[in-house]
Amino acid sequence: MSLAVDLGPPAVAAAAAVLVAVAGGLATTTDGWYRRLRVPAWKPPDWAFGPVWTVIFALTTTAGVLAWNGDADPAARGVLLAAYAVNGVLNIAWSVLFFRFRRPDWALAEVAALWLSIAVLMLVTGRVSLGAGLMNLPYLAWVSVAACLNLRIVRLNAPFRQPA
């Protein structure tokens, strides 16, 4: 009996998750502009975002590995990789639009695409494993809260202009 485990997929998935997390983190700046934004009273405290995103990335990465290992079909794996790649780009793009471009209005439009990409992750991983699909539910819930927060920030602070 062999106890050998293929560490390739988990290592690649973990590296991709770290890359997306670091890129999103670097795009996120809580500078004076951000601190001057009017926000609703129900906004989670800034310190909560790091731990929440850590759990979300761990669950989403695990879901991806479970789906990868659960279906060796090259076409299915291609769809899985594409879904995760699109989601990663959209995840980073939201932070760039909101924090770097200082355009919460554009980020609000983009968050709809991000939300849909998470729903696709749930379908693509859930097709292989219900548990893997459900592991993306906290991600969907958090982005739903973020979308509501984004909408409220737009309503409280609009109009926005491109910084000079």
Side-chain angles (χ1 to χ4, degrees), residues 7-68 80-126 129 131-158 160 163:
L7 295 179
V12 170
V18 168
L19 178 67
V20 171
V22 167
L26 290 173
T28 301
T29 55
T30 55
D31 58 6
W33 171 83
Y34 173 77
R35 287 189 299 280
R36 285 189 299 274
L37 287 174
R38 287 178 287 165
V39 297
W42 53 266
K43 177 194 163 289
D46 290 340
W47 63 262
F49 287 81
V52 168
W53 276 113
T54 299
V55 170
I56 287 168
F57 276 114
L59 288 170
T60 301
T61 300
T62 302
V65 172
L66 288 172
W68 179 271
L80 180 71
L81 288 176
Y84 272 89
V86 168
N87 177 265
V89 168
L90 290 171
N91 187 298
I92 296 164
W94 185 90
S95 293
V96 170
L97 291 171
F98 191 99
F99 292 102
R100 292 295 174 164
F101 289 178
R102 297 180 177 180
R103 293 302 305 249
D105 50 345
W106 294 353
L108 181 60
E110 193 273 353
V111 80
L114 176 59
W115 193 93
L116 287 173
S117 78
I118 300 164
V120 168
L121 290 182
M122 292 181 71
L123 291 172
V124 169
T125 57
S129 161
L134 292 175
M135 284 181 180
N136 286 298
L137 197 55
Y139 187 10
L140 189 69
W142 186 251
V143 169
S144 297
V145 170
C148 292
L149 178 59
N150 193 159
L151 174 62
R152 201 66 194 117
I153 288 171
V154 167
R155 288 184 174 166
L156 289 169
N157 296 278
F160 296 96

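Keep in mind the model is a prediction, meaning the values are calculated, not measured.
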For the backbone of [Y] and the side chain of [X], can you confirm whether one donor and one acceptor N or O come within less than 3.5 Å of each other?
| X | Y | answer |
| --- | --- | --- |
| Arg100 | Leu26 | yes |
| Asp105 | Val154 | no |
| Arg35 | Thr30 | yes |

Rounded distance (nearest 0.5 Å) linking atom [atom1] of [X] with atom [atom2] of [Y]:
| X | Y | atom1 | atom2 | value |
| --- | --- | --- | --- | --- |
| Leu37 | Phe160 | CG | CZ | 6.0 Å |
| Leu114 | Ile92 | CG | CD1 | 11.0 Å |
| Asn87 | Asn136 | CG | CG | 8.0 Å |
| Met122 | Ile118 | CE | CD1 | 9.5 Å |
| Leu108 | Cys148 | CG | SG | 9.5 Å |
| Ser129 | Leu66 | OG | CG | 5.5 Å |

Results of side-chain hydrogen bond (donor to acceptor under 3.5 Å, both in side chains) for Asn157 - residues two or more places apart only: none
With Tyr139 as reference, evaluate Asn91, Val52, Leu59 under the side-chain contact (heavy atoms from CB on, under 4.5 Å) test and give the passing residue. Asn91
If the test is side-chain contact (heavy atoms from CB on, under 4.5 Å), which one of Thr61, Val20, Thr125, Val124 qualifies with Tyr84? Thr125
Sorted by chain and number, sequence neighbours left out, ring pair (Phe, Tyr, Trp, His ring centres under 6.0 Å) with Phe98 holds for Trp33, Trp94
Between [X] and [Y], what is the shortest heavy-atom contact and its length?
| X | Y | result |
| --- | --- | --- |
| Leu90 | Ala113 | CD1-O, 3.5 Å |
| Ala107 | Asn150 | C-OD1, 3.4 Å |
| Ala83 | Val120 | CB-CG1, 4.0 Å |
| Pro9 | Val65 | O-CG2, 4.0 Å |

Any side-chain heavy atom of Val143 within less than 4.5 Å of one from Val111? yes
Heavy-atom side-chain proximity of Phe57 to Val18 below 4.5 angstrom: no
Name the atoms and distances for all side-chain donor-acceptor pairs under 3.5 Å in residues 40-51, with sequence neighbours left out.
from: Lys43; atom 1: NZ; to: Asp46; atom 2: OD1; distance (Å): 2.6
from: Asp46; atom 1: OD1; to: Tyr34; atom 2: OH; distance (Å): 3.0

For Trp53, does the CH2 atom have more than 12 heavy-atom neighbours from other residues, nucleotides or ligands under 6.0 Å away? yes
Starting from the C-alpha separation in whole Å, work towards a yes-or-no answer on side-chain contact (heavy atoms from CB on, under 4.5 Å) for Asp31 and Phe99. CA-CA 9 Å; Asp31 58 6; Phe99 292 102; over 6 Å; no
